[in-house]
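One structure is given here, and the rest of the page talks about it.
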Amino acid sequence: MEVKPVFTPHPVENTIFIFRSLSGKGLKTFGHFADLTDLSLLKKMITSDQTAPGISAELFESVKENYLVELNLKKVDVGGGMIHGNASDFIKDKTAKILLAHISGDFTDGQKQIGSGAPFGMTDILIPSHHEFTRSSAYIYLKSYFPNISHHFIEMLLNNPIVNINPESIIIKNGEIPEHVYLVLTGNIEMLNQSSGIKNILSAGALIGDYLAFEEAPAEATFRAMSFSQMLKIPLEFYREFILKNNLKVEIRELNRRRRIFNRTGIFADGISSKIQNKIAQAIEIIECEGTQCAASSKDSPGLYLLVSGRARIMLENDIIENLEPGGFWGETRLLYNMNELFKIKLLEPSVIYFAPREILTDIPIIYWKIREVYERRMKTMLNPDFVSKSIFKWYEDYKVGIAEIDEQHKKLIVMADILYKNIITNKNKTVILNSLKFLLDYTNHHFSNEEIIMGNKKYPELDKHKKLHVQLIEQISMFELKFEKNNFEIIDDFIDLLKEWIIGHILTEDRKFSAYLKR
Ligand SMILES: [Fe+2]
Ligand SMILES: [Fe+2]
């Protein structure tokens with residue numbers, strides 16, 4: 001299959017994609033027109049002034065032409081506005097079938113005459129395939145649950161029928177003892193547990209009702225199809241036999257327990273497929289902690305520490321950066337940057353921790369995304385005077401890069417930043433503030449060039465990127481300096497944010513990356 005990206009001006013996200021493939025009846029084409037802009041809005045942005053923000057008339061015409069390209073099938077997001085298209089822009093489109101999507105209410109009569117509806121899970125077949133995709137994915141999913149089981153046993157499970165389920169159908173009801181285990185092959189399933197308030201969306205690869213094969217208890221949740229779905233339907237007795245024959249009862253029961261715990265957390269539930277959950281569940285190490293004493297061999301390894309039970313605190317010396325409940329985690333700094341953790345963890349009661357080693361998380365971008373959010377949130381907290389008792393411009397030994405010259409200069413920068421910060425918050429006059437700012441800026445220039453020389457000597461591969469960050473910081477600071485000189489002190493809060501980023505944020509994240517490089 002060939003894929004053609006088509007540029008569209010869009011303020012946030014992606015672009016149009018056209019896919020085509022050869023069939024017995026020639027080329028068949030499909031256009032995925034998501035995240036496009038309503039043409040009437042785009043038209044208002046036309047300007048002939050090349051220096052002004054906006055687009056040229058030529059660009060507008062080419063976008064319009066791209067929208068109307070004739071295809072076999074086109075899916076168009078018609079939510080309207082800047083980030084979704086408008087159905088009326090496609091009135092003259094000669095595409096054989098247009099699907100209108102990304103709209104929450106009912107279609108208007110006008111929209112109904114332009115395109116068809118597209119409920120989730122609906123399929124249009126352009127080129128019939130004779131591949132057995134569902135069965136081969138069923139095999140892959142089952143293999144992720146039972147990695148050490150021989151091929152012919154997995155094939156036995158695959159002898160069961162694949163059934164089609166309609167949207168909004170209940171598959172297993174809370175409290176009932178089901179007769180089948182279901183392996184989701186396509187579509188999404190809602191898991192609703194009213195008593196605990198837990199609600200999860202399960203996608204392809206999820207096994208439903210499997211734990212009932214050993215727990216011999218009624219279902220704890222209701223499972224309901226959210227879309228057209230296909231499932232491998234395995235009789236519960238058959239599944240139970242399979243588990244017992246392969247001597248998997250203890251192992252599968254434990255994996256199941258871990259996955260159910262994952263489903264109560266943000267980090268390992270939302271957007272994480274069952275296949276990935278299985279991979280993590282198989283790799284975790286359980287750390288049991290009595291009071292503040294934990295028995296674990298890998299306590300100091302890089303990885304993610306998930307609090308499963310108990311309570312803990314993230315501390316910066318004596319300050320509480322965050323209170324952790326089950327589902328909370330730490331280990332973000334080493335995972336992201338291979339740098340020492342700044343915070344200490346204080347366990348408040350006997351706790352159980354799941355440790356997921358770094359190797360197992362490396363290829364899971366969504367987990368890294370969530371870890372990065374937590375890292376940034378904790379950085380913000382530690383630089384927020386409402387949360388920390390000491391000055392936010394304070395040197396900690398953990399800030400060390402490991403090169404004495406750089407560390408000495410960083411210490412000085414922090415002292416100077418503290419003076420400037422205090423001058424600002426105690427409302428010193430303009431001259432005092434400007435003088436301490438100039439002093440800090442001069443020393444920063446000196447430090448940045450010094451640091452770049454040292455990084456160059458050590459053949460730091462990220463040097464060019466790092467230099468750009470230095471330039472950007474100096475530019476931003478100079479802009480503020482100019483405004484202060486013109487007596488504009490209204491932007492002082494923004495300046496304090498920049499000061500934190502310039503002195504602490506940059507040292508903590510960017511300069512310490514160099515330190516991690518030196519230690520590698
Ligand atoms: Fe630095
Ligand atoms: Fe730096």
Side-chain angles (χ1 to χ4, degrees), residues 316-317 332-343 368 371-372 375-385 388 390-424 433 435-482 494-520:
L316 179 68
E317 291 197 341
E332 66 279 5
T333 316
R334 280 179 87 184
L335 270 174
L336 291 173
Y337 305 116
N338 209 12
M339 304 183 305
N340 291 340
E341 294 293 343
L342 283 174
F343 307 121
Y368 268 80
I371 293 171
R372 188 177 296 272
Y375 175 81
E376 281 166 12
R377 186 181 72 220
R378 288 180 185 157
M379 283 292 132
K380 273 203 180 112
T381 308
M382 72 167 272
L383 294 177
N384 184 340
V388 289
K390 290 183 183 152
S391 171
I392 49 178
F393 295 100
K394 176 182 179 303
W395 173 261
Y396 290 93
E397 283 303 297
D398 285 326
Y399 286 9
K400 269 188 175 168
V401 170
I403 290 192
E405 196 178 343
I406 294 183
D407 290 331
E408 280 314 307
Q409 291 176 359
H410 283 168
K411 272 184 204 171
K412 270 190 205 154
L413 280 173
I414 289 178
V415 171
M416 288 180 196
D418 194 44
I419 295 170
L420 170 61
Y421 177 66
K422 282 181 180 141
N423 285 342
I424 292 170
I433 293 177
N435 281 344
S436 47
L437 172 58
K438 277 187 204 312
F439 196 49
L440 178 58
L441 192 51
D442 278 351
Y443 192 72
T444 301
N445 270 315
H446 160 74
H447 163 67
F448 280 176
S449 40
N450 210 257
E451 191 177 85
E452 287 164 13
I453 292 169
I454 296 172
M455 286 175 171
N457 290 342
K458 299 276 179 197
K459 307 219 169 353
Y460 182 43
E462 301 287 311
L463 178 59
D464 282 347
K465 227 162 115 191
H466 200 94
K467 275 185 182 171
K468 273 189 199 139
L469 291 172
H470 284 168
V471 171
Q472 272 170 17
L473 276 173
I474 297 286
E475 276 172 5
Q476 283 172 290
I477 302 156
S478 309
M479 240 173 53
F480 276 99
E481 193 187 12
L482 268 176
D494 294 337
F495 176 72
I496 290 174
D497 284 342
L498 175 65
L499 186 63
K500 290 174 190 171
E501 179 46 39
W502 162 20
I503 302 298
I504 309 288
H506 182 82
I507 294 176
L508 271 184
T509 305
E510 299 305 330
D511 289 347
R512 289 208 314 153
K513 280 185 193 168
F514 174 54
S515 160
Y517 162 77
L518 292 175
K519 280 190 212 143
R520 87 208 180 285

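Read the numbers this way: they start at 1 and go in the same order the structure lists the ligands and their atoms.
- Closest N/O/S atom of Asp511 to the Fe ion (ligand 1): OD2.
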Apply side-chain contact (heavy atoms from CB on, under 4.5 Å) to residues Tyr517 and Met455 and explain how you reach the verdict.
CA-CA 10 Å; Tyr517 162 77; Met455 286 175 171; over 6 Å; no
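- No side-chain donor-acceptor contact under 3.5 Å links His466 and Glu462.
- Summary: NE2 is the N/O/S atom of His506 found nearest to the Fe ion (ligand 2).
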Where do Arg378 and Thr333 land on the side-chain contact (heavy atoms from CB on, under 4.5 Å) test, with the steps shown first?
CA-CA 10 Å; Arg378 288 180 185 157; Thr333 316; over 6 Å; no
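- For the residue pair His470 and Glu510, no side-chain donor N or O sits within less than 3.5 Å of a side-chain acceptor on the partner.
- Checked against the Fe ion (ligand 1), the N, O or S atom of Glu451 at the shortest distance is OE2.
- The Fe ion (ligand 1) has an N, O or S atom of His410 inside 2.8 Å of it.
- Checking side-chain atoms of Arg372 against main-chain N and O of Tyr368 turns up no donor-acceptor pair under 3.5 Å.
- Distances from the Fe ion (ligand 2) to the N/O/S atoms of His470 are shortest for NE2.
- With a cut-off of 2.8 Å, the Fe ion (ligand 2) has no N, O or S atom of His447 in range.
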